[in-house]
Amino acid sequence: RKLGIGIDGKFGTDTETAVKQFQAAHGLAVDGVVGEHTWPLLDSLSSTASNFVGKGLALDEAGFSDAMSRMTVGAPELWAVMKIETNGFGFLRDRRPVILYERHIFSKKTNHQFDVSHPDISNPVGGGYGAGGAHQYDRLERAISLNRPAALESASWGVGQLMGFNAEIAGYSDVEAMVTAMIESE
């Protein structure tokens, strides 16, 4: 599962290909063997989705005012965006930020490397979102197993649905810093 393929109990060509893609995406020697360097990294991806659970603090008045100021919009405009993008609340019931995973962004960010092997999570054509909520984290987790930075940049996050690839424009040092902030509060 961590490699984004089905489980059949066999280490066949699909598994070997997925291992090689994983190794290439994580800067490991590409040999298709789950050995001393690949296994610990692969093992660290267990329960990736649980890593996105944080305090889940609601947007307070100061944060709302700051957002209006940064975006140079009024309260009605900001509320409209938040209502449309997340129904006005940026967290799932389990306190993970609301996300929407965009397969066409992942495809572009990874130079179409996974389009053939993983068309549901890497595809030059947008769409194919499936159900919202927790299902989006299932898709994100599969993409993370292939290329974490590209995966995080390919999702929109939180109450404002800020695309990960806009992290630096939004004032974060990188997408990891943005995601960390999104986990903690709206």
Distance-only, no hydrogens or angles: does the Arg103 side chain make a donor-acceptor pair with backbone N or O of Tyr129 under 3.5 Å? no
CG of Leu140 to CZ of Phe52: how many Å apart, nearest 0.5 Å? 5.0 Å
Could you tell me which residues satisfy side-chain contact (heavy atoms from CB on, under 4.5 Å) with Ala167, sequence neighbours excluded, listed by chain and number? Tyr172, Val175, Met178
Which pair of heavy atoms, one from Met163 and one from Ile105, lies closest together, and at what distance? CE-CG1, 4.1 Å
Any donor-acceptor pair under 3.5 Å linking the side chain of Gln136 with the backbone of Leu100? no
What is the ring orientation for Tyr101 with Phe106, classed by angle as parallel under 30°, tilted 30 to 60°, or perpendicular over 60°? tilted
NE2 of His104: more than 12 outside heavy atoms within 6.0 angstrom? yes
Which value, rounded to the nearest 0.5 Å, describes the distance between Asn123 atom CG and His112 atom NE2? 10.0 Å
On a heavy-atom basis, which atom in Pro119 and which in Ser117 lie closest, and how many Å separate them? CD-C, 3.6 Å
Could you tell me which residues satisfy side-chain contact (heavy atoms from CB on, under 4.5 Å) with Glu77, sequence neighbours excluded, listed by chain and number? Val73
Sequence neighbours excluded, the answer for salt bridge (Lys or Arg N to Asp or Glu O under 4.0 Å) partners of Glu102 is none
Which heavy-atom pair separates Ile99 from Ala155 by the least distance, and what is that distance? CB-CB, 4.5 Å
My understanding is that only residues two or more places apart in sequence, or in another chain, count here; which of them pass side-chain contact (heavy atoms from CB on, under 4.5 Å) with Asp66? Arg70
How close do Ala170 and Leu162 get, counting heavy atoms only, and between which atoms? CB-CD2, 3.6 Å
Closest non-hydrogen atom pair, Phe91 against Ile183: CE2-O, 3.6 Å
Taking Leu152's backbone N and O only, do any of them form a donor-acceptor pair with Trp157's side chain (distance below 3.5 Å, no angle check)? yes
Report the residues that fulfil salt bridge (Lys or Arg N to Asp or Glu O under 4.0 Å) with Asp31, sequence neighbours left out, ordered by chain and then residue number. none
Are Trp39 and Val33 connected, step by step, through hydrophobic side chains (Ile, Leu, Val, Met, Phe, Trp, Tyr) whose heavy atoms are closer than 4.5 Å? no
May I have all residue pairs that pass salt bridge (charged side-chain N to carboxylate O under 4.0 Å, His left out) and include part of residues 105-123, sequence neighbours excluded? Lys109-Glu153, Asp120-Arg142
What heavy-atom pair brings Ser107 and Ser122 nearest, and what distance separates the two atoms? CA-OG, 3.4 Å
Is there a donor-acceptor contact under 3.5 Å from the side chain of Thr180 to the main chain of Glu176? yes
Can you find a heavy atom in the side chain of Phe165 that is under 4.5 Å from one in the side chain of Pro149? no
